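Read through the structure below, which is laid out as C-alpha cells, and then see the notes.
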Amino acid sequence: MTLNAQKTTFIISRIKNGVEEVAQYNDYNSTIYWYSNRDSATEFEDLDLAKGMVQVQEMMAKLTKQTFDFKIYQLDAETFEINADGE
C-alpha cells in the first residue's frame with residue numbers, strides 16, 4: 001500500500017436537548033440546513049471558514065432566543081493505492 005493523499009476537513013454541528021445535528025451549507029443561496037445524518041454534513045476545507053460559520057450561527061441563535069451548543073469536528077482522511085490483491 002502506498003499513501004496517495006491526505007486531506008483534513010471540518011464539519012459543524014449544533015446540539016439542543018441532547019440532539020445533535022450537522023450543518024449542510026448551500027453555497028448557491030448561502031443557507032444552512034441542519035440534519036441528524038452525519039453523511040449530510042458539508043465538509044469545510046478551511047478551519048477559519050468553519051469558525052466563521054459557527055459565529056454566524058451563534059449570533060442567529062442569540063437573535064432568535066434559541067439555546068444551542070455548537071461544535072467543530074476535524075475529519076482526517078488518508079487515501080492509499082492498493083494492488084489487485086488488495087495490498
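Quick caveat, the model's predicted, so the values are computed rather than measured.
If you take CG on L75 and CD1 on I11, they are separated by 5.0 Å, rounding to the nearest 0.5 Å.
Residues I72 and Y25 share a hydrophobic cluster, clusters being chains of Ile/Leu/Val/Met/Phe/Trp/Tyr side chains in contact below 4.5 Å. Both V22 and Y73 are assigned to one and the same hydrophobic cluster, defined by single-linkage of ILVMFWY side chains at heavy-atom distances under 4.5 Å.
Residues satisfying the side chain to side chain donor-acceptor pair (under 3.5 Å) criterion with T9, sequence neighbours excluded, are E43. Judged as a salt bridge (charged side-chain N to carboxylate O under 4.0 Å, His left out), and not counting sequence neighbours, E20 has no contacts. Partners of N29 by side chain to side chain contact (heavy atoms under 4.5 Å, CB included), not counting sequence neighbours, listed by chain and number: N26, T31, Y33. In this view, N17 satisfies the side chain to side chain contact (heavy atoms under 4.5 Å, CB included) rule with no residue, not counting sequence neighbours. In this structure, E45 has no side chain to side chain donor-acceptor pair (under 3.5 Å) partners at least two apart in sequence or on a different chain. The side chain to side chain donor-acceptor pair (under 3.5 Å) test applied to T8 returns D76, not counting sequence neighbours.
A pairwise comparison of heavy atoms in D46 and F10 identifies C-CD1, 4.0 Å as the closest pair.
The backbone N or O of E78 lies less than 3.5 Å from no partner atom in the side chain of Q6, so there is not a single donor-acceptor pair.
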Exercise for review: Start with the C-alpha gap between W34 and I32, add the side-chain angles, then the distance that decides, and say whether side-chain contact (heavy atoms from CB on, under 4.5 Å) holds.
Suggested key: CA-CA 7 Å; W34 297 95; I32 288 187; 3.6 Å; yes
Practice item. Under the side-chain contact (heavy atoms from CB on, under 4.5 Å) rule, what do F70 and S13 come out as? Steps first, then yes or no, please. Key: CA-CA 6 Å; F70 293 92; S13 74; over 6 Å; no
Could you tabulate the donor-acceptor pairs under 3.5 Å formed by side-chain atoms of residues 49-63, not counting sequence neighbours?
none

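The side-chain hydrogen bond (donor to acceptor under 3.5 Å, both in side chains) pairs that include a residue from residues 63-72 are K16-Q66, where partners are two or more places apart or lie in different chains. Residue pairs satisfying the salt bridge (Lys or Arg N to Asp or Glu O under 4.0 Å) criterion with at least one member in residues 21-35, sequence neighbours excluded, are listed as follows: R14-E21.
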